[in-house]
**Q** 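This structure is in structure tokens; I'll ask about it shortly.
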Amino acid sequence: MSSSQFHPLERHPHTGEPYIRLSAPLDRVIITPPRREDVSDIVAIMNDYPIKKWLDGPPFPYLEVHAEDWVAKTLDHSEMVMRELRVADEQSPRGPLAYVSGCPVGCLRGLQDDGTEAFLGVIEFTRCGFPDLLHQQDRERLVSRNESRKSGDPEIVWCIGYYLAAPLHGRGLMSRALRTLLEEWVVPRMGARRIRVETIIGNNGSIRVLEKLGFSVVHSVRKRKMTSAGEIIDGFHVLCWQMGNGS
């Protein structure tokens, strides 16, 4: 995409979608919005034990209707962000770059030798819902304040959700994809300065991914419970990242 307000998005030559490409040696991986045909891949990954073991919230079993709803909602959000970019481009085509309300891309795809693109996983950036807080009134107060802030406000607390197909774990792909989105979009185009992530205690792989990006564990919530997938967990670690703190 040639206009500065869409920077650094590129336009997919076959689908017309916006996308961001990872740098070499992972430059055969791109990040796009979801597609309707992703549903079967999403269902398979979300029901895979190495994935669902560390999730609390998504329904289980994860059905096609759940994936269809997620794809539709996420496509709507992507298009909303693209509309914001088009408005900014009409008003200020040569910059400065405008802040927008979210990231329009989040589905990782690997380019195959036959030209097809394999669905690999998902990264989502949302405003933090503080799910680890045990007191409902405190949580509602923080969520309301966070939701009320305008796009680009450095006081917004963001959260990341992500998953990657199990055979790809341990290869550095998720760390690279997260870093790419943080550096190329979330910080410069969303104005993110504070990010907070909750991980289930014992999910050491996820903690390693986040620590590579400068996150650190700030506290743990010990609360034995059963997740939506039927797994017994001991609680959550809360990891935080703040612009300027070694990032």
Side-chain angles (χ1 to χ4, degrees), residues 1-42 45 67-127 150-152 156 158 160-165 168 171-192 195 213:
M1 295 184 176
S2 58
S3 173
S4 64
Q5 288 295 346
F6 294 94
H7 178 79
L9 297 174
E10 299 180 65
R11 185 179 297 278
H12 196 289
H14 303 301
T15 66
E17 302 163 299
Y19 74 90
I20 292 176
R21 183 183 300 276
L22 302 194
S23 60
L26 295 173
D27 51 343
R28 291 175 67 86
V29 176
I30 62 173
I31 310 176
T32 76
R35 300 171 183 167
R36 306 289 180 186
E37 59 266 31
D38 293 335
V39 166
S40 60
D41 290 319
I42 294 171
I45 293 174
E68 289 167 351
D69 288 346
W70 179 84
V71 168
K73 180 181 71 173
T74 308
L75 277 173
D76 285 346
H77 175 72
S78 176
E79 181 52 36
M80 179 184 72
V81 174
M82 294 303 293
R83 286 196 298 270
E84 293 173 16
L85 290 169
R86 286 192 286 270
V87 169
D89 193 53
E90 292 173 1
Q91 296 175 346
S92 185
R94 297 184 180 180
L97 296 178
Y99 288 130
V100 292
S101 62
C103 184
V105 298
C107 290
L108 281 65
R109 306 185 189 281
L111 179 62
Q112 307 300 295
D113 291 337
D114 62 1
T116 61
E117 294 170 358
F119 181 90
L120 308 178
V122 166
I123 299 173
E124 287 187 283
F125 290 88
T126 58
R127 297 197 186 203
K150 295 182 178 180
S151 297
I156 295 172
W158 294 94
I160 313 173
Y162 55 88
Y163 62 83
L164 187 67
L168 301 174
R171 301 185 184 183
L173 174 55
M174 182 55 73
S175 296
R176 175 67 66 86
L178 282 167
R179 184 178 296 279
T180 297
L181 288 183
L182 282 169
E183 294 180 350
E184 297 193 15
W185 194 267
V186 178
V187 170
R189 303 311 312 269
M190 293 162 54
I195 305 177
L213 301 172

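Along the sequence shown, residues carry numbers from 1.
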**Q** Do any N or O atoms from the side chain of Gln5 and from the backbone of Ser92 form a donor-acceptor pair under 3.5 angstrom?
**A**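 Here the side-chain-to-backbone pair exists.
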**Q** Can you name the residues that form a salt bridge (charged side-chain N to carboxylate O under 4.0 Å, His left out) with Arg28, not counting sequence neighbours?
**A**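 Per chain and number, Arg28 pairs via salt bridge (charged side-chain N to carboxylate O under 4.0 Å, His left out) with Asp113.
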**Q** Between Glu79 and Arg86, is the closest basic N to carboxylate O distance under 4.0 Å?
**A**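 Yes, Arg86 and Glu79 are salt-bridged.
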**Q** Is the backbone of Val39 close enough, under 3.5 Å, to the side chain of Trp70 for a donor and an acceptor to pair up by distance?
**A**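 The answer is no, because no donor-acceptor pair under 3.5 Å joins these two groups.
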**Q** What distance separates Ser151 OG from Glu84 CD, expressed to the nearest 0.5 Å?
**A**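 Going from OG on Ser151 over to CD on Glu84, the span is 5.5 Å.
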**Q** Distance check, rounded to the nearest 0.5 Å: Phe6 atom CZ versus Arg11 atom CZ?
**A**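 The distance works out to 7.5 Å.
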**Q** Below 30° counts as parallel, above 60° as perpendicular, anything between as tilted: where do the rings of Phe119 and Tyr163 land?
**A**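 Judged by the thresholds at 30° and 60°, the geometry between Phe119 and Tyr163 is tilted.
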**Q** Does the side chain of Met190 reach to within under 4.5 Å of the side chain of Ile156, using non-hydrogen atoms?
**A**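 They are not in contact (no side-chain heavy atoms under 4.5 Å apart), so the answer is no.
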**Q** Checking Arg189 side chain against His7 main chain: does a donor-acceptor pair fall under 3.5 Å?
**A**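 Here the side-chain-to-backbone pair exists.
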**Q** Just so I know, are the side chains of Leu182 and Ile195 near enough to count as touching, which here means a heavy-atom distance under 4.5 Å?
**A**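 Heavy-atom side-chain distance check passes, below 4.5 Å.
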**Q** Less than 4.5 Å apart, side chain to side chain, heavy atoms only: is that true for Cys107 and Thr32?
**A**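 Counting from C-beta outward, Cys107 and Thr32 do come under 4.5 Å.
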**Q** Any heavy-atom pair between the side chains of Leu22 and Leu108 that's under 4.5 Å?
**A**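 No, every pair of side-chain atoms sits at 4.5 Å or beyond.
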**Q** Drop me the distance from Leu168's CG to Met174's CE, to the nearest 0.5 angstrom.
**A**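 If I round to the nearest 0.5 Å, the distance is 9.0 Å.
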**Q** What closest approach, in Å, do Pro8 and Trp185 show between heavy atoms, and which atom pair accounts for it?
**A**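 For Pro8 and Trp185, the tightest heavy-atom pair comes out as CD-CE3, 3.5 Å.
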**Q** So, the side chain of Thr116 versus the backbone of Gln112: is there a donor-acceptor pair under 3.5 Å, distance only?
**A**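 Checking the backbone N and O of Gln112 against the side chain of Thr116, no donor-acceptor pair under 3.5 Å is found.
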**Q** Grab the two heavy atoms, one from Cys103 and one from Leu181, that are nearest each other, plus how far apart they are.
**A**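 Residues Cys103 and Leu181, closest heavy atoms: SG-CD2, 4.2 Å.
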**Q** Is any side-chain heavy atom of Leu164 closer than 4.5 Å to a side-chain heavy atom of Arg171?
**A**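 The answer is no, as the side chains (C-beta and beyond) never meet within the 4.5 Å cut-off.
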**Q** Could you grab the distance from atom CZ of Arg83 to atom CE of Met80, nearest 0.5 Å is fine?
**A**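 Nearest 0.5 Å value for the CZ-CE distance: 7.5 Å.
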**Q** Suppose we screen for salt bridge (charged side-chain N to carboxylate O under 4.0 Å, His left out). Which residues come up paired with Arg109, at least two apart in sequence or across chains?
**A**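 Counting only residues at least two positions away or on another chain, Arg109 forms a salt bridge (charged side-chain N to carboxylate O under 4.0 Å, His left out) with Asp38.
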**Q** Using modelled atom types and a 3.5 Å cut-off, is there a donor and acceptor pairing between side-chain atoms of Thr180 and backbone atoms of Arg176?
**A**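 Side chain of Thr180 to backbone of Arg176: a pair is present.
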**Q** When you compare the side chain of Pro33 with that of Pro104, does any pair of heavy atoms fall below 4.5 Å?
**A**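 No, side chains not in contact.
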**Q** Is there a donor-acceptor pair closer than 3.5 Å between any side-chain N or O of Glu10 and the backbone N or O of Arg21?
**A**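 Checked: no pair found.
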**Q** Looking at every heavy atom in both Ile42 and Ala67, which two are closest together, and how far apart are they?
**A**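 That closest heavy-atom pairing would be CG2-CB, 4.0 Å.
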**Q** Which atom pair, heavy atoms only, marks the closest approach of Ala177 to Ile123?
**A**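 Scanning both residues, the minimum pair turns out to be CB-CD1, 3.7 Å.
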**Q** With a 4.5 Å cut-off on side-chain heavy atoms, are Arg127 and Trp158 touching?
**A**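 A side-chain contact under 4.5 Å exists here.
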**Q** Can you name the nearest heavy-atom pair linking Leu9 to Pro18, along with the distance?
**A**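 Answer, listing the atom of Leu9 first, then Pro18: CD1-CB, 4.0 Å.
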**Q** Flag the pair Val105 / Ile30 as yes when at least one side-chain heavy-atom distance between them is below 4.5 Å, and no otherwise.
**A**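 Side chain of Val105 against side chain of Ile30, heavy atoms only: no contact under 4.5 Å found.
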**Q** Can you find a side-chain donor-acceptor pair between His12 and Glu117 that sits under 3.5 Å?
**A**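 Result is yes, a qualifying pair exists.
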**Q** How far apart are the closest heavy atoms of Ile45 and Ala165, and which atoms are they?
**A**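 Shortest heavy-atom separation between Ile45 and Ala165 comes out as CD1-CB, 4.0 Å.
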